[in-house]
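Report on the structure given below.
Residue numbers begin at 1 in each chain, while the letters A, B, ... track the order of the sequences.
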Amino acid sequence: MARSRHLLWDAARGLVRHRSALVGLAVVTALLLVALFAPLLAPHDPLLPRMRERLTPPSSKHWLGQDELGRDILSRIIYGARISLTIGIVSVGVGMAVGVPWGLASGFYGGKFDILTQRSIDILLSFPSILLAILIVTVLGPSLWNAMVAIGIASIPAYTRVVRGSTLAIRDAEYVQAARAMGAADARILVRHVLPNVLGPVVVLSTLYTASAILTAAGLGFLGLGAQAPTPEWGAMLSRGREYLRVAPHVSAFPGLAIFVSVLGFNLLGDGLRDALDPRLRGKV
Amino acid sequence: MRKVVGLCLGLFIVGALAGATPRYGGTLTIAMEYDPSSLDPLVMTDTPASNVFMHVAEALFRLGPGGELEYLLAKSFESSEDGLVWTFYLREGVKFHDGTPFNAEAAKWNLLRFRDKASFGPTLVKAITDIEVVDDLTMKVLLKEPFAPLLVHLAHSFTGFLSPTAVAAGVNHPVGTGPFVFVRWIPGTELVLERNPNYWGEGPYLDRLVFLPIPEGGTRVMKLLAGEIDATTVVPPDDVPIVRADPKTDVVIIPSLTIQYVGMNCQRGPLANPLVRQALNYAIDKQEIVDFVFGGFATVAAAPFSPGVFGYHAPGPYPHDVEKAKALLAQAGYPNGFKTTLRYNPGWRTLGAEVIQAQLKVVGIDVELISMEWGSYLDFTNRPVDRSETDIYMLGWSTVTGDADYTLYSLFHSTQFAPAGSNRSFYKNETVDALLTAGRTTPNPELREQYYAQAIELIWNDAPWVFLLNPDHRYGVRTNVRGLVFHPNFTIQAHRAWLDN
């Protein structure tokens, strides 16, 4: 465990020195807090329509204005943060849960299994991940959960490839050979010695993938394949507001801004983490 | 607003200036929400198909904008005393676009083929047992029992006649007798027709007629304002002021033959109880949907179809009464409401469904919204009753024949359960069945009106639908277009349209 504590420490130190990563961290933290305390922060009920006030521009009572049903856009964006974060966490979780063990096994055992894995990954990677996600949602049926699973599945190839690469570099390291010489079983070697050493890239990938998962989910929501009405999902809000661009641009502008800021936050954080965890850059940032 | 619209009924031919001489030439471009599903009368079912097809092929009659029967390929007709033999005298000297003469043989061949093979055959002309060709331009249509809506069904654009020679040769586009000739169709892009120089009637004045599929309302409006299209169906209500503000464009608003409804599965779950279905009718504030989803361009429905249709009788509307709804739910054994699903296809129904969801929440009914793509949505609601998973769904229906039979029989008669017919609520009431059968087999119009009034009262009370609203059509048009007919049946007719400078 000493190793992973060291890893975290390094990462933290690297991050602190990385200015844009700090901005990213601040955005992500803020997003987490907003999502966590949504019921306390939201000034209005995000689902309550006020038809008589529909499409009203920002006012002192409704800071970001009201949407096509007269619902408070600020409150919807605040609750939407929960959904976007859940999407990020669940889909990254799905991708990791399958991709990491698969990549470990593929890199560690090699041989025919590895070739088979790599060719299937090649096939999967040849589809843009949004296309793959659309395909999966079309088969499963449109819903928020299915969208999360689909985005998770679409991210499996990336995890597998990254983990396999790192595993290949480690599997013949002296400490792995030492462990094997001492009679450790494969499972023990993989979990105790290989896994901790591939976690760095996985953490970076996960941060970046959270950003892309939020974006993909917004895309699916935009196409009507993600969250169903009246869920305040940002992409769906953006899409619905599009019909009123000429008369009420604020309806789609603010959800768009929310997507932009949070995706940027995760990306900055991910970039910072990558630099912080990269041994070659250590001490230079 | 409504009063003005009502007074304008009959004035939907734009720019019908007295004394203006039509100018020949030019291309008129019309935007529709969707491409036709097909241009083959044997399989087509939708309005875009009807809109294009009616310019290429003609039936015996057509219904004018005020619902009056106009003669197309029939010149006159007479019927026997018992209503079982109808003699049609056909227009002489009419040729199909490929030169094949139109005559009684061609008409007989078309009608029997349509009866036996078309998806709309059973709905429209099933009553015909046989057709006798008397001479080149005379035919006798034989029925096994009187069929009151026969003439309006023969005015349905889907029964338009095709050249038998072209069909036999396997030509895969319509070859009719209409004022425009089919040129090409690139699905998703454009559908082009050009003038028929040998047309038997007045016009056409335009050289070309182009139909564009543009699903997005905002895009249609932009293109209309930019002059890229000359007319469009469905201007979004929020855009009406923008289109009206531009002196070069205008919005034509006319009452439609359409009802928008919220169907309920009468054979499944809590909705099988008529008290529950009545409760939903009281719980949903139709006026709010009219005002805010349709921008006021609609009327709350007071009957299962729109006013202006033969047989109209209005027991409604159901007032918006939350207390009454709650009391009915309690009486039905659901004092705390229940959970159910509402399926719909995107478009204005997204907004409508969300409003309905919020309104039903007030009386304790927890509605899960499920949005479905149009094709799979129709398939889902079209499953047979024993496999149906439909609870609540949203659809519309246009009484294009202007006769109550077209709506009541297809949607409420128990022999018309989906998938055989369009009764997707699986509504069954034996008294209603008997009245509707009597309504279509009785020639006497006064008697028919009485039957329909009784049937409508029963249907209203059984409430297989939440009777929502009758929308007004909102057509957009450039102001230099003359003689274009905007029809309550949701078609734009360019037969005699022309372009002014």
Side-chain angles (χ1 to χ4, degrees), chain A residues 44-57 65-73 75-76 134-135 137-147 220-233 235-252, chain B residues 215-222 225 234-243 245-246 285-296 341-362 366-377 380 389 394:
Chain A
H44 299 277
D45 179 348
L47 301 182
L48 182 72
R50 291 179 188 80
M51 290 306 280
R52 264 156 242 287
E53 299 163 24
R54 65 192 294 263
L55 305 178
T56 314
Q66 286 163 278
D67 70 1
E68 71 280 1
L69 278 117
R71 296 173 298 205
D72 182 53
I73 294 180
S75 308
R76 286 179 70 73
I134 289 175
L135 193 77
V137 172
T138 312
V139 174
L140 297 177
S143 83
L144 190 57
W145 278 103
N146 289 347
L220 291 177
F222 190 85
L223 297 172
L225 294 172
Q228 296 290 300
T231 318
E233 197 271 317
M237 289 167 69
L238 181 72
S239 164
R240 293 286 301 284
R242 190 178 43 144
E243 289 170 46
Y244 311 100
L245 268 185
R246 286 170 308 282
V247 284
H250 67 276
V251 178
S252 50
Chain B
E216 183 113 325
T219 313
R220 290 195 299 274
V221 167
M222 292 308 211
L225 292 170
V234 197
V235 174
D238 291 308
D239 286 319
V240 169
I242 297 177
V243 179
D246 189 321
D285 183 354
K286 278 94 33 185
Q287 191 62 46
E288 190 170 72
I289 299 171
V290 166
D291 289 345
F292 299 111
V293 180
F294 282 80
T341 61
L342 191 165
R343 286 183 171 76
Y344 63 95
N345 67 303
W348 73 264
R349 290 198 180 113
T350 313
L351 194 52
E354 280 181 282
V355 174
I356 288 170
Q357 183 189 44
Q359 291 174 350
L360 290 180
K361 203 175 161 194
V362 175
D366 186 6
V367 179
E368 183 195 350
L369 298 184
I370 303 169
S371 145
M372 300 180 84
E373 178 271 323
W374 181 236
S376 34
Y377 176 57
F380 189 92
E389 291 172 49
M394 295 171 78

- Query: For B:Met222, is it the side chain, the backbone, both or neither that has a heavy atom under 4.5 Å from a heavy atom of chain A?
  - Reply: side chain
- Message: Heavy-atom cut-off 4.5 Å, strictly under: side chain, backbone, both or neither for B:Glu216 against chain A?
- Response: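 Side chain only.
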- Message: Checking B:Asp291 now: which residues fulfil side-chain contact (heavy atoms from CB on, under 4.5 Å) with it, not counting sequence neighbours?
- Response: B:Gln287
- Residue part contacting chain B, namely of A:Pro49, when any heavy atom lies under 4.5 Å: side chain
- Task: Identify which part of A:Leu55 has an atom lying under 4.5 Å from any heavy atom of chain B, answering side chain, backbone, both or neither.
- Result: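 When you check distances to chain B, only side chain atoms of A:Leu55 fall under 4.5 Å.
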- Could you check which of B:Val293, B:Leu369, B:Val221 has the highest count of heavy-atom pairs closer than 4.5 Å to chain A?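 Between B:Val293, B:Leu369, B:Val221, the count favours B:Leu369.
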- Residue pairs passing the salt bridge (Lys or Arg N to Asp or Glu O under 4.0 Å) test where at least one lies in residues 343-361 of chain B, sequence neighbours excluded: A:Arg71-B:Glu354, A:Arg240-B:Glu354
- Partner chain B: residue of A:Leu245, A:Val247, A:Leu69 with the largest heavy-atom pair count (under 4.5 Å):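 Option with the greatest count: A:Leu69.
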- Minimal heavy-atom distance between A:Arg52 and B:Phe292, with the atoms involved, is CG-CZ, 3.6 Å
- Contact check, side chains of A:Arg54 and B:Asp238, non-hydrogen atoms, under 4.5 Å: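 A:Arg54 vs B:Asp238: side chains touch.
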